[in-house]
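It should be emphasised that the depicted structure is a prediction, and the values quoted were computed from it without experimental measurement. Whatever order the structure lists ligands and atoms in, that order sets their numbers, starting from 1. Throughout, numbering of the chain's residues begins at 1 and tracks the sequence.
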Amino acid sequence: MEWLPLEMIAFDADDTLWENERYYQEGRQLFEALLAKYPLSGDLAALLDATEMRNLPVYGYGVPGFAFSMIETAIEATHGMVSSRDIQALVDLSKQMLTAEMALFAQAEETVARLSAVYPLMLITKGDLRHQLSKLERSGLKGYFQHVEVVQDKNSQIYADILTRHHLAAKRFLMVGNSLRSDILPVVALGGRAIYVPNSLTWSHEQVEPPETAWGRYYQVARLGEVPGLIEQLSTETS
Ligand SMILES: [Mg+2]
């Protein structure tokens, strides 16, 4: 595939630049521990998963929707026996998740700093608008990004809209992220470039098998810090 000079490099945020899924996993553990004292109908983790999936079109991605899903699941699984004290504990848990300390991945800052010296950078993240902007503010990385897009979902149509809005050709756009489903495959489908940086903690919802049509059409590195070197190598090899 011909490599054209890049006009924009975009980064996913959650679980690409900073920890995110860890807080959800801790939240799920606390949720299960809190409800362990009740006689429960069904497998709590599976019930919560199902509630979250059912609620995604209603609340979208992010902590507020997760909080409502925990409360709904708690009521359902305990047949309405869950106490208001325990509901309050779930509300408190979600507030803690919204204000949790930012934990940047190793090399996150040097990676975006190095690339921002050469390319305009964009952050593309999905989830709750207020929470995502607050995290970017607290991350210390905001100054490296020329554009920030907080979107409802990440599919090819949404990426196509972003490209149109910023007058970008797909072939000159590269996306970096930890989710094949959200960051890599929809961009590749448009003819864009993508670098997949897998994370050991990735939400099951984001885990997909890449279709054959995507094979060989994106790059993969083990660590975020390898991204600038790979881009440099690809740019010089083909120019
Ligand atoms: Mg992510």
Side-chain angles (χ1 to χ4, degrees), residues 8-28 49 52-53 56 59-66 69 94 97-98 100-109 111-112 115 121-142 144-145 147-159 161-162 173-190 192-210 214 218-228 230-231:
M8 181 75 71
I9 295 176
F11 278 85
D12 168 55
D14 288 342
D15 300 313
T16 294
L17 295 175
W18 53 64
E19 299 266 18
N20 171 67
E21 180 59 20
R22 177 159 70 87
Y23 299 111
Y24 283 88
Q25 292 195 358
E26 288 168 5
R28 283 166 203 278
D49 277 346
E52 272 194 277
M53 288 306 109
L56 265 186
Y59 303 124
Y61 292 92
V63 174
F66 178 64
S69 292
S94 62
M97 288 175 70
L98 287 169
E101 209 176 298
M102 294 301 301
L104 258 62
F105 289 139
Q107 300 174 316
E109 174 146 26
T111 298
V112 293
L115 287 170
L121 301 187
M122 182 186 284
L123 191 80
I124 308 180
T125 178
K126 69 180 194 265
D128 180 67
L129 177 64
R130 178 179 287 267
H131 187 209
Q132 293 297 352
L133 295 181
S134 152
K135 285 197 284 189
L136 178 60
E137 197 74 53
R138 290 181 286 131
S139 71
L141 301 181
K142 193 179 169 187
Y144 297 111
F145 293 97
H147 305 282
V148 178
E149 296 276 353
V150 182
V151 292
Q152 297 279 0
D153 205 348
K154 284 176 164 176
N155 53 42
S156 286
Q157 186 56 56
I158 284 173
Y159 282 106
D161 292 345
I162 291 173
F173 174 81
L174 183 141
M175 177 77 190
V176 181
N178 76 300
S179 168
L180 280 176
R181 177 202 182 96
S182 297
D183 306 317
I184 309 302
L185 299 179
V187 172
V188 164
L190 291 175
R193 313 277 161 184
I195 300 178
Y196 175 41
V197 192
N199 186 297
S200 58
L201 294 184
T202 292
W203 185 23
S204 55
H205 173 67
E206 299 290 349
Q207 290 169 8
V208 291
E209 280 299 315
Y218 59 88
Y219 306 91
Q220 180 167 341
V221 295
R223 274 174 299 278
L224 195 57
E226 296 171 36
V227 169
L230 173 63
I231 291 173

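- The backbone N or O of G192 sits nowhere less than 3.5 Å from a side-chain atom of Y218 that would complete a donor-acceptor pair.
- Among residues two or more places apart in sequence or in another chain, the ring-ring contact (aromatic ring centres under 6.0 Å, His included) test is passed with Y159 by none.
- Side-chain contact check for Y144 and E109: at least one donor-acceptor pair (N or O, by modelled atom type) lies under 3.5 Å.
- Only protein N, O or S atoms were scored, and 3 of them lie under 2.8 Å from the Mg ion (ligand 1).
- Scanning both residues, I9 and V176, for their nearest heavy atoms gives CG2-CG2, 4.2 Å.
- Checking side-chain atoms of N199 against main-chain N and O of D15 turns up a donor-acceptor pair under 3.5 Å.
- Between the side chains of R130 and S134, not a single donor N or O lies within less than 3.5 Å of an accepting N or O.
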